[in-house]
Amino acid sequence: MADPVVASHLSLVLKAPPTISSPSQFLLQQHSKPMASSLNSAASLRLFASSSSSSSSAAARLSLRSTSLSFSSSLKSLAFSTLSRHKRGSAVSVSSTGGFSSVASPKCAASDPDQLKSAREDIKELLKSKFCHPILVRLGWHDAGTYNKNIEEWPRRGGANGSLRFEVELKHAANAGLVNALNLLQHIKDKYSGVTYADLFQLASATAIEEAGGPKIPMKYGRVDVSGPNECPEEGRLPAAGPPSPADHLREVFYRMGLNDKEIVALSGAHTLGRSRPDRSGWGKPETKYTKDGPGAPGGQSWTVQWLKFDNSYFKDIKAKRDEDLLVLPTDAVLFEDPSFKVYAEKYAEDQDTFFKDYAEAHAKLSNLGAKFNPPEGIVLDDGPR
C-alpha cells in the first residue's frame, strides 16, 4: 500500500498502538498530531496507522482541537465545498474571507482535466516549499483505505470519495493531524473548483511520491465526491502498527480492501519516507542523528537514513538491522519474518526497479478503491513518460 526536497514517509493504513506517523504499510498510517506549521505536518506522518487505545483517541481529539491552522473555519469550508458534480450543475466554494459563492461545474466530468494539470503544478510548488510529501501521501491513502470490497453500495463501501474532508471522519483516531494536510491543499482547491476533493487527495498523494524520486504512478481521475458527513465510513477500517499478530492483522485489513501479499509489501515500502514522533504517535525516538537538523521541524525517528527520498532503502535497512537510530515497527519487521511476505521483501531489497514497478501498480490500485468515476472510464492526464 512515504524531506531532502522530497520529504515524506508513508505509513500504510495502520492503527497504531499509541499512534504512529508516516504512510505505508500500505496504509500504515502515521499518526501525527496537527502541527503548528505545515512543515511540521509534512515531516511526521505515517500512513494508515490508527490508535485503538482510548488515550490515543483522546490525544487525537486534543490534537485536532489544538491545531493552529484554524481548524473550525477549515472544516466549515470543507463541509460546504462538496462539489458533488454528478448530482448538481454547480458547486459551492469558499473564499478566503469565508464567503460562499456558486461556481460552474464541469458538465461532462467530475473534474476538469486542464484544472487537474494546473493543480498538479501547484502541488509540486507546495512540496518544494513545505516538504509535505508524507502527509499528502497519508491523506490520499486514508481517504482510499476505508474501502470494503464486501460492500457494493457507493459510498457506504468507503474508498477514494473525498469523505475525509468532513469533521466526523477527521476525528477518527487514525486521522489525527490530517487537518493540516487539508489546510495545505485548501487554497489549491479554492483556486481549482473544477477538481473534486477525491481527485485532489489522490493527485497530491501520487505527485508527492513522484516528486520524492519515486516511480510515476499510472493514475486516472474523475472521482465523484460524497456530498455530506452522513456518507463517511464508520471508524475502525484502518490498520494498526503494533497488533499482537502483525501478519494476520495486515492481511485482515488489506484483504478486506482486495489487496494481496505482494501489494501489502510493496505499499509498506512507502515507509522509506517520513518520521515517527513519540510525542504525537507514541512510537520512535524524540530525535536521532538523521533527524536532529530537519528539514522542517527537527526530531522524530525515521525508517531510513534519507527519509525524504523515495527508494528501496526501507527494505535494505530492515533486512540489515544494523542501525538503532532507524525505526522498525512490528508491522515492518514481519515483512522479513512471514514466509509469503519475505519473498517480496527480499526481492525489493535487491531490486529497486522491481519495487518501483510493483509499488506504482499497488498505489494506483489503492487510489481507485471504492471510487465512482465520471466519466466511468476515468480521465487520464496526457503527461508522457516520467
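If you're wondering where the values come from, they're calculated on a predicted model, not measured in any experiment. These values consider heavy atoms only, across backbone and side chains, with no hydrogens, waters or symmetry-generated copies.
A single hydrophobic cluster is not seen to contain both Ile151 and Leu164; linkage of ILVMFWY side chains at heavy-atom distances under 4.5 Å, directly or through other members, places them apart. Connection of Leu327 to Phe336 is established within a shared hydrophobic cluster, with ILVMFWY side chains joined at heavy-atom distances below 4.5 Å, either directly or through further cluster members. Cluster membership for Phe356 and Val343, using ILVMFWY side-chain heavy atoms within less than 4.5 angstrom, is not shared. Hydrophobic clustering, with ILVMFWY side chains joined whenever heavy atoms are under 4.5 angstrom apart, groups Leu136 together with Leu381.
The main-chain N or O of Gly140 is found under 3.5 Å from a side-chain atom of Gln202 such that the two form a donor-acceptor pair. Under the 3.5 Å distance criterion, the side-chain polar atoms of Thr146 are matched with a main-chain donor or acceptor of Gly159. With hydrogens and angles disregarded, no donor-acceptor distance shorter than 3.5 Å links the side chain of Thr272 to the backbone of Gly269. The backbone N or O of Ser163 lies less than 3.5 Å from a partner atom in the side chain of Asp143, making a donor-acceptor pair. Between the side chain of Arg223 and the backbone N or O of Ser367, at least one donor-acceptor pair lies under 3.5 Å. Proximity of a side-chain donor or acceptor of Asp225 to a complementary backbone N or O of Thr196 within less than 3.5 Å is not detected. No side-chain donor-acceptor contact under 3.5 Å links Thr331 to the backbone of Pro246. In this structure, Gln115 contributes its side chain and Gly194 its backbone to a donor-acceptor pair below 3.5 Å. No donor-acceptor distance shorter than 3.5 angstrom exists from the side chain of Trp307 to the backbone of Gln301, with no hydrogens or angles considered. Within the 3.5 Å criterion, the main-chain N or O of Ile188 finds no donor-acceptor partner in the side chain of Asp122.
Here the side chains of Leu182 and Phe201 are in contact, with some heavy-atom distance below 4.5 Å. Side-chain contact check for Tyr197 versus Lys189: some heavy-atom pair is nearer than 4.5 Å. Taking 4.5 Å as the limit, some side-chain heavy atom of Glu350 sits within range of a side-chain heavy atom of Lys319. In this structure the side chain of Leu139 reaches within 4.5 angstrom of the side chain of Leu185, judged on heavy atoms. Contact check for Lys316 versus Tyr348: no side-chain heavy atoms found under the 4.5 Å cut-off. Side-chain contact between Val328 and Lys321: absent, with no pair of heavy atoms (C-beta onward) separated by less than 4.5 Å. The closest side-chain heavy-atom distance from Leu126 to Cys132 is below 4.5 Å. Within the 4.5 Å cutoff, no side-chain heavy atoms of Leu116 are placed close to those of Leu200.
A distance of 9.5 Å separates CG in Leu326 from CD1 in Ile318, rounded to the nearest 0.5 Å. Atoms NE2 and CG, from His172 and Leu178 in turn, are 12.0 Å apart once rounded to the nearest 0.5 Å. Taking OG of Ser118 as the reference point, atom CD1 of Ile123 lies at 11.0 Å (rounded to 0.5 Å). Atom CZ in Arg156 sits 8.5 Å away from atom CD in Glu234 (nearest 0.5 Å). Once rounded to the nearest 0.5 Å, the distance linking OG of Ser313 with CZ of Phe355 reads 9.5 Å. Here the CG-CG distance, from Leu250 to Leu335, works out to 7.0 Å after rounding to the nearest 0.5 Å.
Across all non-hydrogen atoms, the minimal contact from Pro229 to Val168 is O-CG1, 3.7 Å. Summarising the geometry of Lys347 relative to Thr354, their closest heavy-atom pair is CD-CG2, 3.6 Å, with the distance given to 0.1 Å. Shown here for Ala198 and Asn161, the closest heavy-atom pair between the two residues is CB-C, 3.6 Å. The shortest heavy-atom contact between Thr291 and Gly300 is OG1-O, 2.6 Å. The two residues Ala119 and Leu203 come nearest to each other via the heavy atoms CB-CD2, 4.0 Å. Nearest heavy atom pair, residue Leu170 against residue Val179, reads CD2-N, 4.0 Å.
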*Starting from the C-alpha separation in whole Å, work towards a yes-or-no answer on side chain to side chain contact (heavy atoms under 4.5 Å, CB included) for Val226 and Arg165.*
CA-CA 10 Å; Val226 297; Arg165 72 191 189 274; 4.0 Å; yes
*Can you check side chain to side chain contact (heavy atoms under 4.5 Å, CB included) on Met257 and Asn148, steps first, answer last?*
CA-CA 5 Å; Met257 297 180 205; Asn148 186 337; over 6 Å; no
_Walk me through whether Glu361 and Lys357 qualify under salt bridge (Lys or Arg N to Asp or Glu O under 4.0 Å)._
CA-CA 6 Å; Glu361 293 174 356; Lys357 175 180 178 294; 3.2 Å; yes
*Would Asn260 and Tyr255 count as a side-chain hydrogen bond (donor to acceptor under 3.5 Å, both in side chains) if you check the C-alpha gap in whole Å, the side-chain angles of each, and the deciding distance to 0.1 Å?*
CA-CA 6 Å; Asn260 58 35; Tyr255 284 9; over 6 Å; no
*Go through Phe254 and Asp261 one step at a time and tell me if the side chain to side chain contact (heavy atoms under 4.5 Å, CB included) criterion holds.*
CA-CA 9 Å; Phe254 294 110; Asp261 285 0; over 6 Å; no
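Using modelled atom types, one finds no donor on one side chain facing an acceptor on the other under 3.5 Å when comparing Asp112 with Tyr221. Side chains of Ser227 and Glu231: a donor on one and an acceptor on the other come within 3.5 Å. With 3.5 Å as the limit, one finds no donor-acceptor pair spanning the side chains of Asp317 and Thr304.
Counting heavy-atom neighbours within 6.0 Å of Glu152 CD, excluding the residue itself, gives a total of 12 or less.
Annotation: Phe310 is in aromatic contact with Tyr359 [ring centroid separation under 6.0 Å].
Relative to the six-membered ring of Phe373, Lys220 meets both conditions, a distance below 6.0 Å and an angle of at most 45° to the axis. Both tests hold for Arg251 against Phe341: distance to the six-membered ring centre under 6.0 Å, angle to the ring axis within 45°.
Glu167 and Lys171 are joined by a salt bridge, as a carboxylate oxygen and a charged side-chain nitrogen come within less than 4.0 angstrom of each other. Between Arg256 and Glu252 there is no salt bridge, since no side-chain N of the basic residue sits under 4.0 Å from a carboxylate O of the acidic one. Salt bridge status for Glu337 with Lys342: absent, with no side-chain N to carboxylate O gap under 4.0 Å.
Every pair passing salt bridge (Lys or Arg N to Asp or Glu O under 4.0 Å) that includes a residue from residues 284-298 is listed here, sequence neighbours excluded: Lys285-Asp325.
When the side-chain hydrogen bond (donor to acceptor under 3.5 Å, both in side chains) test is applied to Ser245, no partner is found at least two apart in sequence or on another chain.
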